[in-house]
Amino acid sequence: MCGIIGAVAQRPVADILIEGLRRLEYRGYDSAGLAVLDSTNRLQRSRAVGKVAMLATKLLETPIDGKTGIAHTRWATHGKPAEMNAHPHVSGTWLGVVHNGIIENYLALREKLGSYGYGFDSETDTEVIAHLVALHLKREGSLLKATLKARQEFKGAYALAILSPEEPNTLVVARQGSPLIIGLGIGENFVGSDIQAMLPVTNRFIYLENGDVAYVGLHKIEIYNEEGELVERPIRESRAKDSASELGEYRHFMLKEIFEQPTAIASTLENRLASGHFLPSIVGQNVMETLAKVEEIQIIACGTSYHAGMVGRYWIESMTDIPCTVEVASEYRYRRQPLRKNMLFVTISQSGETADTLAALEKIKEAKGCLASLSICNVAESSLVRESDMNLMTVAGPEIGVASTKAFTTQLLALQLLLGTLIQAKTGETDASRKLAQDLQLLPILVEQVLELNPVIEKLAEQFIDKHHSLFLGRGAQYPIALEGALKLKEISYIHAEAYPAGELKHGPLALVDSEMPVVAIAPTGLLLEKLKSNLEVVHARGGQLYVFASQNAQMKPDEQTHVIELPAVPEMLAPIVYTIPLQLLAYHVAVLKGTDVDKPRNLAKSVTVE
Ligand code: G6P
């Protein structure tokens, strides 16, 4: 989704901005643009539809550069992907602006600005920001004052960076709902929608809070809060490694991230278990008393994180007496729900910036509808972490591929850590919680073993490239894994993939099964294995092509219609994590064979900061 980078420096900034945009590419976008104040202090702009590389080529052909600049990757919301809609947007020669988010009242503002004589060159909501700030700039005489005035009229979510020839060596930025960070240099400063974009130039950051407007100069930063008061925000030093955005030996970030899973899992386990015991500090200090009171759990998430939540529900209800429900945030936030007693409200998000998930959390907090909120998140500085009472961090490291992989498996692990901690809080350590803690230690090595299947799955992928549809089947906690496998395949290979709980096959999807329909099944050992085998017999009898990821102890027999890919025997509670890996690899290799843009699939975004 849209990305912002900006710089105020004593050196030319175009290269810094282009590199920043490259680092934001993983968020998903359809066009890019940049504006600088040139050596004669004129506003110069260049925009291009398509990749950042197109913009870079355009700049080589028609160079523009300057020491103050803003740049943007746009993911179309209002108006098609086209150069006229790409950011920065300008108001005559007065100013240029880049914007993430949505101005909900843009039509009313457009009308108002029209009555003042402003014309519009784009279909975007962003252009009203440019004109409204320009209108106030003429009256107020300062970009900061103008932005403080204008923001009172904006309804919606935004992160903004604005520059104006009226005030060289200055950026004014604002945050409401969409993340925005200031990067601190020496005699130069930067702004960005995530730190990845700024890591080549600094590792010291100020995270703006909702309602903040900031003046960013060469040597000075001033931040004003929602009430317009001058405030201090802490400076944080990031340990994020620049190398996280390097591909190294891998062809795609997705493959790199799939192979990083043993390390991500080991890091997420670190300091959280001690001889069969879940350390309560996992979710914060003095939380056991709160967790002991939990009578219900509501999990809220979107996309892949929602699938993690669905698995979590199976686990929580299998080992505790706490009822657990799971819902996608976009539905939950607009639905009336009776308030429940002593409910733990759990949000799951790799980015911590997903607009729907944040809105669901805000809703429950406003209604005072939960005992406590707890986020499972991969970004420590994110809005979700800051807004939640307790946090359980996944330690997956930055995930660049749009299709989530290591963030998902570490979310599953985090749910197990939460489960173990809950059991301890409610009943004290039990044999089951001790076994869970011991089994979890096996995970990194098991995942490592399953990754060795990579060449086998690469070969198998060849059988999918001419397919248009596919079915994924699982039962119990493997049903959400089937959903996740299908999501991965459709996201990056564009093959239509649907997942069903295998017992539901007979109620509709069976009508689709013929020799052209690949049916992927997940068959670890466990209570439901024999049931699953019967479901697969039914597919087999109708000529379906079966691809079964099965435990070596499942005794699945291959034949001309049945391809069996054997996985090591694993404890039942670990199986959903372990069986995710081959499905990720399958989607990856099918996409590579089909020649799609694996890391940046069409129309999708990594961080969905709009509704
Ligand atoms: C987007 C991403 C998915 C992610 C979903 C939820 O659709 O492409 O990978 O699962 O958003 O994001 P979150 O950051 O809340 O987990």
Practice task
Using distance alone, with no hydrogens and no angle criterion, decide if Lys363 and Gln337 have a side-chain donor and acceptor under 3.5 Å apart.
Solution key: yes
Handout entry: Nearest heavy-atom neighbours spanning Ala360 and Phe345
Key = O-CZ, 3.8 Å
Exercise for the section: Could you tell me whether Gln552 atom CD has more than 12 heavy atoms of other residues or ligands within 6.0 Å of it? Expected result: yes
Problem - Check ion pair Asp431-Lys435 (N to O, under 4.0 angstrom) - result: no
Exercise for the section: Report yes if some heavy atom in the side chain of Leu361 is under 4.5 Å from a heavy atom in the side chain of Ile300; otherwise report no. Expected result: no
Handout entry: Residue pair Leu489 / Phe472, side-chain heavy-atom distance below 4.5 Å
Key = yes
Handout entry: Distance-only polar pair, side chains of Gln298 and Tyr332, donor-acceptor under 3.5 Å
Key = no
Handout entry: Intermediate values then yes/no, side-chain contact (heavy atoms from CB on, under 4.5 Å), Phe549 and Ile457
Key = CA-CA 10 Å; Phe549 293 91; Ile457 296 172; 4.3 Å; yes
Exercise for the section: Quick one: do Leu412 and Ile481 satisfy side-chain contact (heavy atoms from CB on, under 4.5 Å)? Show the steps, please. Expected result: CA-CA 11 Å; Leu412 290 175; Ile481 300 304; 4.2 Å; yes
Fill in the blank from the handout: So CG of Leu512 and CD of Glu498: to nearest 0.5 Å the spacing works out to 7.0 Å
Handout entry: Closest non-hydrogen atom pair between Val326 and Gly309, with its separation
Key = CG2-O, 3.5 Å
Practice task
May I ask you to decide whether Lys533 forms a salt bridge with Glu530, counting only side-chain N to carboxylate O separations under 4.0 Å?
Solution key: yes
Fill in the blank from the handout: Val450 and Pro582 have their tightest heavy-atom pair at CG1-CD, 3.7 Å
Handout entry: Leu442 atom CG: more than 12 heavy-atom contacts under 6.0 Å
Key = yes
Handout entry: Trace of the salt bridge (charged side-chain N to carboxylate O under 4.0 Å, His left out) decision for Arg22 with Glu25
Key = CA-CA 5 Å; Arg22 283 203 182 101; Glu25 282 189 300; 5.6 Å; no
Practice task
For the pair Ser493 (side chain) and Ile495 (backbone), establish whether a donor and an acceptor sit closer than 3.5 Å, ignoring hydrogens and angles.
Solution key: yes
Exercise for the section: Kindly indicate whether the side chain of His563, heavy atoms from C-beta on, has any atom under 4.5 Å from the side chain of Gln545. Expected result: yes
Problem - Sidechain-backbone polar pair: Asp356 side chain, Ala359 backbone, donor-acceptor under 3.5 Å - result: no
Completion exercise
So CD1 of Ile565 and OH of Tyr579: to nearest 0.5 Å the spacing works out to 10.5 Å
Problem - Asp321, CG: over 12 other non-hydrogen atoms inside 6.0 angstrom - result: no
Exercise for the section: Say whether, by atom type as modelled, one donor and one acceptor occur between the side chain of Lys256 and the main chain of Leu247 under 3.5 angstrom. Expected result: no
Exercise for the section: Measure the spacing between CD of Glu260 and OG of Ser267 and express it to the nearest 0.5 Å. Expected result: 10.0 Å
Handout entry: Flag, side chain of Glu353 to backbone of Ser383, donor-acceptor distance under 3.5 Å
Key = yes
Practice task
Kindly indicate, with the supporting measurements, whether the criterion side-chain contact (heavy atoms from CB on, under 4.5 Å) is fulfilled by Ser351 and Lys606.
Solution key: CA-CA 8 Å; Ser351 65; Lys606 181 82 190 155; over 6 Å; no
Problem - Polar contact flag, side-chain donor to acceptor under 3.5 angstrom, Gln584-Tyr588 - result: no
Problem - Check: Asn391 side chain, Val385 main-chain N or O, donor-acceptor pair, under 3.5 Å - result: yes
Handout entry: Side chain Arg313, main chain Cys324, donor-acceptor under 3.5 Å
Key = yes
Problem - Check: Thr596 side chain, Ile492 main-chain N or O, donor-acceptor pair, under 3.5 Å - result: yes
Exercise for the section: Indicate yes or no for a side-chain donor-acceptor contact from Asp194 to the backbone of Gln196 under 3.5 Å, with no hydrogens or angles considered. Expected result: yes
Practice task
May I ask you to test the Met288-Thr421 pair for a side-chain heavy-atom distance under 4.5 Å?
Solution key: yes
Exercise for the section: State whether the side chain of Thr410 and the backbone N or O of Ala407 hold a donor-acceptor pair below 3.5 Å, judged by distance alone. Expected result: yes
Fill in the blank from the handout: d(Cys377 SG, Met393 CE) to nearest 0.5 Å is 5.0 Å
Handout entry: Cation-aromatic face contact Lys406/Phe259, 6.0 Å, 45 degrees
Key = no
Practice task
Identify the residue among Ile348, Thr580, Leu483 that makes a side chain to side chain contact (heavy atoms under 4.5 Å, CB included) with His307.
Solution key: Leu483
Handout entry: side-chain hydrogen bond (donor to acceptor under 3.5 Å, both in side chains) assessment of Thr405 paired with Gln261
Key = CA-CA 8 Å; Thr405 52; Gln261 287 176 111; 5.1 Å; no
Problem - Shortest non-hydrogen contact from Gly50 toward Tyr29 - result: O-CE1, 3.3 Å
Problem - N/O donor-acceptor pair under 3.5 Å between Asn378 side chain and Gly397 backbone - result: yes
Exercise for the section: Carefully, step by step, assess Phe464 and Tyr547 under the rule ring-ring contact (aromatic ring centres under 6.0 Å, His included). Expected result: CA-CA 11 Å; Phe464 283 71; Tyr547 299 85; 4.8 Å; yes
Handout entry: Minimum-distance pair of heavy atoms, taken over all atoms of Val395 and Thr268
Key = N-OG1, 2.9 Å
Handout entry: Check: Glu484/Thr304 side-chain N/O donor and acceptor closer than 3.5 Å
Key = yes
Practice task
Using a 4.5 Å cut-off on heavy atoms from C-beta on, say whether the side chain of Val570 contacts that of Ser551.
Solution key: no
Problem - Exercise: identify the closest heavy-atom pair between Phe253 and Gly401 - result: CB-N, 3.9 Å
Handout entry: Derivation of the side-chain hydrogen bond (donor to acceptor under 3.5 Å, both in side chains) call for Gln424 and Ser433
Key = CA-CA 8 Å; Gln424 287 179 188; Ser433 75; 4.7 Å; no
Practice task
Answer whether the closest heavy-atom distance between the side chains of Ile265 and Ile577 falls below 4.5 Å.
Solution key: yes
Handout entry: Distance, nearest 0.5 Å, that separates OG of Ser375 from CG of Leu358
Key = 10.0 Å
Practice task
Measure the shortest side-chain to side-chain distance between Ile316 and Leu419 over non-hydrogen atoms and say whether it is less than 4.5 angstrom.
Solution key: yes
Exercise for the section: Apply side-chain contact (heavy atoms from CB on, under 4.5 Å) to Val548 and list each qualifying residue two or more places apart in sequence or on a separate chain. Expected result: Ala521, Ala523, Leu536, Leu546, Ala550, Met556, Thr562
Handout entry: Exceeds 12 heavy-atom contacts within 6.0 angstrom, atom NE2 of His468
Key = no
Exercise for the section: Any chance you could measure Leu55, atom CG, to Lys51, atom NZ, to the nearest 0.5 Å? Expected result: 13.0 Å
Exercise for the section: Would you please test Leu273 and Leu440 for side-chain contact (heavy atoms from CB on, under 4.5 Å) and show each step? Expected result: CA-CA 9 Å; Leu273 297 172; Leu440 285 178; 4.2 Å; yes
Handout entry: Sub-4.5 Å side-chain heavy-atom contact between Ile581 and Thr409
Key = yes
